[in-house]
Engineer: 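I have a structure I would like to understand better, so I am pasting it below and will then ask my questions one at a time.
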There are 2 protein chains.
Amino acid sequence: MPTSPLPPTAWAVLGLLSFPGERTGYELKKWADASLRFFYGAPAFSQIYAELRRLERLGYVTSRRSGPEEPRAKRAYAITPAGRDALADWAAGGTGAEDAAADAVTLRHPVVLRVWLGHLAAPERLRALVEEHLARTEGELKEVRDALARADGVEAWAHPQIALRWSERHLLAEVELTRGLLADLEALPPADGGAGQPPPDSPTDG
Amino acid sequence: MPTSPLPPTAWAVLGLLSFPGERTGYELKKWADASLRFFYGAPAFSQIYAELRRLERLGYVTSRRSGPEEPRAKRAYAITPAGRDALADWAAGGTGAEDAAADAVTLRHPVVLRVWLGHLAAPERLRALVEEHLARTEGELKEVRDALARADGVEAWAHPQIALRWSERHLLAEVELTRGLLADLEALPPADGGAGQPPPDSPTDG
DNA sequence: TAGGACATGTAATCAGTTACATGATTAA
DNA sequence: TTAATCATGTAACTGATTACATGTCCTA
């Protein structure tokens with residue numbers, strides 16, 4: 001049967017469970033914060049618990065309570081063979097005719113959005129925002145390097161390490177991109193008020 | 001008064017209107033597809049119309065029907081002085097104590113997610129997925145360069161051009177990152193089945 | 001005169017977040 | 001004993017998408 005059309009986040013949560021061992025929702029969240037976060041984003045606790053319930057309903061995971069039947073007892077999840085099959089199917093790009101649009105990278109960059117609107121802001125203020133972003137990104141780079149250091153040398157976890165290495169390079173690129181932004185902003189001539197033509201990339205001249 | 005807590009998408013739509021001239025929702029969508037898309041994503045038609053209604057309710061834009069009072073007549077929007085003020089405030093990072101988390105870059109990269117899960121897929125299949133992504137990214141790079149060529153030389157639209165230039169460099173970096181991913185995948189030793197330790201970046205060893 | 005681009009909108013649904021409630025276990 | 005961390009969940013909401021409905025205007 002074809003893989004059910006689950007959102008990537010569901011596959012991400014199932015993916016967390018595809019590595020050996022049982023895990024609680026809480027543990028999954030912590031791990032997502034330390035790895036998934038850098039290239040996909042980490043879902044909120046509430047969403048992880050919701051996805052786990054859905055995955056269990058689909059038979060992709062099973063759960064086991066540690067204590068007796070208390071309503072909120074600690075609950076450990078494990079992937080099932082069906083779950084592993086479905087996940088492998090998704091990881092390979094889905095069975096047969098796959099919608100390429102589903103693989104589209106989503107990027108939402110509020111800092112560049114503000115720069116795009118730069119004609120409305122004081123130049124120093126804009127530069128300050130970009131510099132804050134630079135500092136934040138450097139902080140994230142440090143975090144991904146820590147994660148990488150913890151992972152380094154464990155040859156059995158090759159793929160997560162490749163993803164982490166991608167994340168490191170990605171953040172490094174983001175740092176460079178941000179410096180480029182700063183340089184472009186500094187190279188701008190002082191504002192001269194005016195400007196009345198339609199935007200250059202508006203559809204009217206395309 | 002402080003800027004109302006609108007989602008960035010609302011500011012993006014208002015930003016589209018901060019450039020001289022009136023525009024219809026339809027035109028806004030086309031323009032978003034040609035510029036905003038590269039660093040923030042372009043909202044759906046239905047959302048653009050919804051945001052325009054909200055912005056009008058807030059007094060940030062006004063609208064004018066071209067024909068008489070037909071219910072679905074073409075409607076052109078223009079920014080108001082209040083809208084311009086609010087937008088300028090947002091672009092400058094908001095008045096006073098701003099939540100830095102609101103400026104967080106969101107990245108959702110399903111291709112890297114699949115690579116992260118690479119232990120479940122056939123190596124050739126995984127490489128094929130990454131190569132498709134490379135081709136898609138190169139196509140996007142071409143698109144942003146077209147947009148840049150249309151914008152080039154129009155000195156009055158400096159900030160949108162900087163954002164476009166950022167987008168070009170960003171896609172170029174993405175191409176390089178993807179090649180790096182491919183190289184890492186090819187450098188992997190042939191699979192040897194096994195592996196039983198917990199993941200290296202799991203919270204248990206952090 | 002048929003097809004495509006222009007143009008606006010509704011309905012249904014979903015993904016995902018924040019805020020909150022609750023309580024157990026562990027370490028200072 | 002008190003605070004932090006572990007742990008699970010509900011409720012309310014919002015952002016955003018897809019599919020659909022409707023119709024005009026222009027051009028080959």
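Residue numbering restarts at 1 for every chain, and letters A, B, ... go by the order of the sequence lines. Treat the numbers as computed from the prediction; the structure is a model and nothing was measured.
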Engineer: When the distance from NZ of K74(B) to P of dG9(C) is rounded to whole Å, what number comes out?
Structural biologist: 13 Å

Engineer: What integer distance in Å separates L52(A):CG from dT10(D):P?
Structural biologist: 13 Å

Engineer: Rounded to whole Å, please give me the gap between CZ in R23(A) and C1' in dT8(D).
Structural biologist: 18 Å

Engineer: Is there side-chain contact between H159(A) and L185(B), with at least one heavy-atom pair below 4.5 Å?
Structural biologist: yes

Engineer: What's the CZ-P distance between F45(B) and dG23(D), to the nearest Å?
Structural biologist: 19 Å

Engineer: Using whole Å, what does the distance between atom P of nucleotide dA7(C) and atom NZ of K30(B) come to?
Structural biologist: 10 Å

Engineer: Under 3.5 Å, is there any donor-acceptor pair linking the side chain of S46(B) to the base of dT18(D)?
Structural biologist: yes

Engineer: Using OP1 and OP2 only, check whether a side-chain N or O of R108(A) sits under 4.0 Å from dG16(C).
Structural biologist: no

Engineer: Quickly work out the Q47(B) CD to dA12(C) P distance and round it to whole Å.
Structural biologist: 19 Å

Engineer: Quick check for you: to the nearest 0.5 Å, what is the distance between F38(A) atom CZ and R165(A) atom CZ?
Structural biologist: 15.5 Å

Engineer: Can you tell me how far C1' of dG16(C) sits from CD of E51(A), to the nearest Å?
Structural biologist: 9 Å

Engineer: Would you check if the distance from the ring center of Y40(B) to the ring center of W116(A) is below 6.0 Å?
Structural biologist: no

Engineer: Are S18(A) and H119(B) linked by a side-chain donor-acceptor pair shorter than 3.5 Å?
Structural biologist: yes

Engineer: Would you indicate which nucleotide in dG16(C), dT17(C), dG9(D) comes nearest to any side-chain atom of A44(A)?
Structural biologist: dT17(C)

Engineer: Take atom OH of Y49(A) and atom C1' of dT18(C), then tell me their distance rounded to the nearest Å.
Structural biologist: 16 Å

Engineer: Between T137(B) and E174(B), is any side-chain donor less than 3.5 angstrom from a side-chain acceptor?
Structural biologist: no

Engineer: Return whichever of R53(B) or A10(A) has its heavy-atom-nearest nucleotide of DNA chain C closer to the 5' end.
Structural biologist: R53(B)

Engineer: Counting side-chain heavy atoms from CB outward, which of dG16(C), dT8(D), dT17(C) is closest to R75(A)?
Structural biologist: dT8(D)

Engineer: Is T9(A) near enough to dG16(C) that one of its side-chain N or O atoms lies under 4.0 angstrom from OP1 or OP2?
Structural biologist: yes

Engineer: Starting at the 5' end of DNA chain C, which residue's closest nucleotide do you reach first, R54(A) or G25(B)?
Structural biologist: G25(B)

